[in-house]
Amino acid sequence: MQDTILKFERLLNENAGYFPTIDSSVLEERKAGKWSKKEVIGHLVDSAIHNLVRFTEINYLEKPYQHRPYNQTDLVSLNQYQTKDIDELTQLWFSLNQQIIRIMKSVSEEALDYKIILSDNSVIDLRFMMTDYVAHLEHHINQIRS
């Protein structure tokens, strides 16, 4: 888990200063059926919000934990990330993820094995969910940077 946390910290620190430097026309450019780069950052905010709740709830709710999906497309639209100031959006993204890092650093080995039931009834554990969260973040950061 330590390697995942180090990777997460690196991604966060390298990109918190990078996002605001992207030209606003590049940030807001949309292709048919796709989010703009700014909206992808907004999606990462939504992902951070939902995963922060998951990573904390699993510690006190009945086990196995029942994963609740969310509508990513509706949230990006409803939160109007396209019109949000990039500095404010980046700050929100950074702050939420700093808290997730705190949670990851404090989670016990026992908790990493807590079972999570997904909506398709497959079973994962908290370790996988946390590792997958960082992989998801990295995937979208690579999209933004390309």
Side-chain angles (χ1 to χ4, degrees), residues 1-22 27-28 30-31 33-146:
M1 197 67 210
Q2 188 61 32
D3 289 344
T4 299
I5 293 169
L6 290 173
K7 180 180 193 176
F8 188 9
E9 289 176 317
R10 181 184 51 77
L11 287 167
L12 196 61
N13 292 323
E14 287 176 357
N15 291 286
Y18 172 74
F19 293 162
T21 68
I22 303 172
L27 270 176
E28 295 175 6
R30 286 184 172 147
K31 294 184 175 123
K34 301 276 186 182
W35 289 328
S36 69
K37 291 182 182 218
K38 198 180 217 183
E39 289 170 320
V40 172
I41 298 168
H43 165 65
L44 291 175
V45 166
D46 292 335
S47 177
I49 290 167
H50 283 84
N51 281 289
L52 178 59
V53 169
R54 292 170 180 152
F55 297 161
T56 54
E57 278 185 344
I58 195 169
N59 290 287
Y60 61 85
L61 291 181
E62 184 178 330
K63 313 290 183 291
Y65 180 78
Q66 297 293 318
H67 176 273
R68 294 179 314 276
Y70 61 97
N71 189 315
Q72 301 171 17
T73 304
D74 285 348
L75 281 177
V76 167
S77 176
L78 288 167
N79 284 303
Q80 302 174 25
Y81 293 122
Q82 186 72 0
T83 62
K84 197 165 187 69
D85 175 76
I86 189 59
D87 291 316
E88 186 181 346
L89 185 58
T90 301
Q91 197 170 34
L92 178 59
W93 171 78
F94 185 76
S95 294
L96 287 164
N97 281 291
Q98 281 184 310
Q99 183 60 28
I100 292 173
I101 287 171
R102 283 185 200 94
I103 297 296
M104 285 183 169
K105 285 180 173 180
S106 68
V107 71
S108 69
E109 280 297 317
E110 177 188 356
L112 289 171
D113 292 329
Y114 288 161
K115 299 302 176 209
I116 299 166
I117 309 291
L118 301 178
S119 58
D120 66 359
N121 288 323
S122 59
V123 179
I124 60 171
D125 59 24
L126 181 58
R127 176 181 283 105
F128 177 84
M129 182 175 272
M130 288 180 164
T131 303
D132 189 59
Y133 175 76
V134 175
H136 171 258
L137 180 73
E138 182 176 38
H139 164 75
H140 284 302
I141 286 173
N142 288 338
Q143 279 184 321
I144 293 164
R145 292 187 76 108
S146 66

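These numbers were taken from a predicted model, which means no experiment stands behind them.
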*Asks:* Measure the CD1-CG distance between Ile41 and Leu92 for me, rounded to the nearest 0.5 Å.
*Replies:* 11.5 Å

*Asks:* Could you list all the salt bridge (Lys or Arg N to Asp or Glu O under 4.0 Å) pairs where at least one residue sits in residues 126-146, not counting sequence neighbours?
*Replies:*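 Salt bridge (Lys or Arg N to Asp or Glu O under 4.0 Å) check on residues 126-146 returns Lys7-Glu138, Glu109-Arg127, Asp113-Arg127.
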
*Asks:* Would the distance check show the side chain of Ser47 and the main-chain N or O of His43 forming a donor-acceptor pair, the cut-off being under 3.5 Å?
*Replies:*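 No: the side chain of Ser47 does not pair with the backbone of His43.
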
*Asks:* Nearest 0.5 Å please: distance from the CD1 atom of Ile49 over to the CG atom of Leu75.
*Replies:* 8.0 Å

*Asks:* Has Thr21 got a side-chain atom pairing as donor or acceptor with Tyr18's backbone, closer than 3.5 angstrom?
*Replies:*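 Yes, Thr21 side chain to Tyr18 backbone: donor-acceptor pair under 3.5 Å.
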
*Asks:* What is the distance from atom CD1 of Ile141 to atom NZ of Lys37, rounded to the nearest 0.5 Å?
*Replies:*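 So the gap between those two atoms works out to 12.5 Å.
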
*Asks:* Just to verify, which of Ile5, Leu112, Thr131 counts as forming a side chain to side chain contact (heavy atoms under 4.5 Å, CB included) with Met104?
*Replies:*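 For Met104, the side chain to side chain contact (heavy atoms under 4.5 Å, CB included) check succeeds only for Ile5.
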
*Asks:* Can you name the residues that form a side-chain hydrogen bond (donor to acceptor under 3.5 Å, both in side chains) with Gln143, not counting sequence neighbours?
*Replies:*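 Per chain and number, Gln143 pairs via side-chain hydrogen bond (donor to acceptor under 3.5 Å, both in side chains) with His140.
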
*Asks:* Near Lys34 NZ, under 6.0 Å, is it more than 12 heavy atoms from other residues, nucleotides or ligands?
*Replies:* no

*Asks:* Determine the minimum heavy-atom distance between Ala111 and Asn59, stating which atoms define it.
*Replies:* CB-OD1, 3.9 Å

*Asks:* Taking all atoms of both residues into account, what is the closest heavy-atom pair of Ile100 and Ala48, and its distance?
*Replies:*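 Of all heavy-atom pairs spanning Ile100 and Ala48, the closest is CD1-O, 3.5 Å.
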
*Asks:* What residue pairs, at least two apart or across chains, pass ring-ring contact (aromatic ring centres under 6.0 Å, His included) with a residue in residues 68-126?
*Replies:*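 Passing the test, one end in residues 68-126: Phe19-Trp93, His50-Tyr70.
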
*Asks:* Under 6.0 Å from the NZ atom of Lys115, do we count more than 12 heavy atoms belonging to anything else shown?
*Replies:*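 Result for NZ/Lys115: enclosed.
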
*Asks:* Of all residues at least two apart in sequence or in a different chain, which pass the side-chain hydrogen bond (donor to acceptor under 3.5 Å, both in side chains) check with His67?
*Replies:* Arg54

*Asks:* Taking Ser36's backbone N and O only, do any of them form a donor-acceptor pair with Glu28's side chain (distance below 3.5 Å, no angle check)?
*Replies:* no

*Asks:* When rounded to the nearest 0.5 angstrom, what is the spacing between CG in Leu52 and CD1 in Ile103?
*Replies:* 6.0 Å

*Asks:* Could you work out, with salt bridge (charged side-chain N to carboxylate O under 4.0 Å, His left out) as the rule, every residue matching Arg102, not counting sequence neighbours?
*Replies:* none

*Asks:* Using every non-hydrogen atom in the two residues, find where Ile124 and Leu118 come nearest and quote the distance to one decimal.
*Replies:*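 In this case the closest contact between Ile124 and Leu118 is CD1-CD2, 3.9 Å.
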
*Asks:* Provide the closest heavy-atom pair for Pro20 versus Asp87 in the form atom of the first, atom of the second, distance.
*Replies:*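 The pair with the smallest heavy-atom distance is CB-OD1, 3.2 Å.
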
*Asks:* For Asn51 and Met129, run side-chain contact (heavy atoms from CB on, under 4.5 Å): C-alpha distance rounded to whole Å, both residues' side-chain angles, the deciding distance at 0.1 Å, then the answer.
*Replies:* CA-CA 9 Å; Asn51 281 289; Met129 182 175 272; 4.2 Å; yes

*Asks:* Can you label the angle between the Phe55 ring and the Tyr133 ring as parallel, tilted or perpendicular, going by 30° and 60°?
*Replies:*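 If you compare the ring of Phe55 with that of Tyr133, the planes turn out perpendicular.
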
*Asks:* Once rounded to the nearest 0.5 Å, what's the spacing between atom CD of Glu9 and atom CD of Gln98?
*Replies:*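 Atom-to-atom, Glu9:CD and Gln98:CD are 9.5 Å apart.
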
*Asks:* Rounded at 0.5 Å granularity, tell me how far CG in Leu11 sits from CG in Asn97.
*Replies:* 9.5 Å

*Asks:* Is there a donor-acceptor pair under 3.5 Å between the side chain of Lys38 and the backbone N or O of Asp85?
*Replies:*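 Judged by distance alone, no pair lies under 3.5 Å.
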
*Asks:* Looking only at heavy atoms, which two atoms of Asn71 and Asp74 are closest? And how far apart?
*Replies:*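 Closest approach of Asn71 to Asp74, heavy atoms only: OD1-N, 2.9 Å.
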
*Asks:* Above 12 or not: heavy atoms from other molecules or residues under 6.0 Å from CD of Gln91?
*Replies:*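 Incorrect, the count does not exceed 12.
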
*Asks:* Can you name the salt bridge (charged side-chain N to carboxylate O under 4.0 Å, His left out) partners of Lys84, sequence neighbours left out?
*Replies:* Glu88

*Asks:* Return the minimal non-hydrogen interatomic distance between Ala16 and Thr90, and the atom names on each side.
*Replies:* O-CG2, 3.2 Å

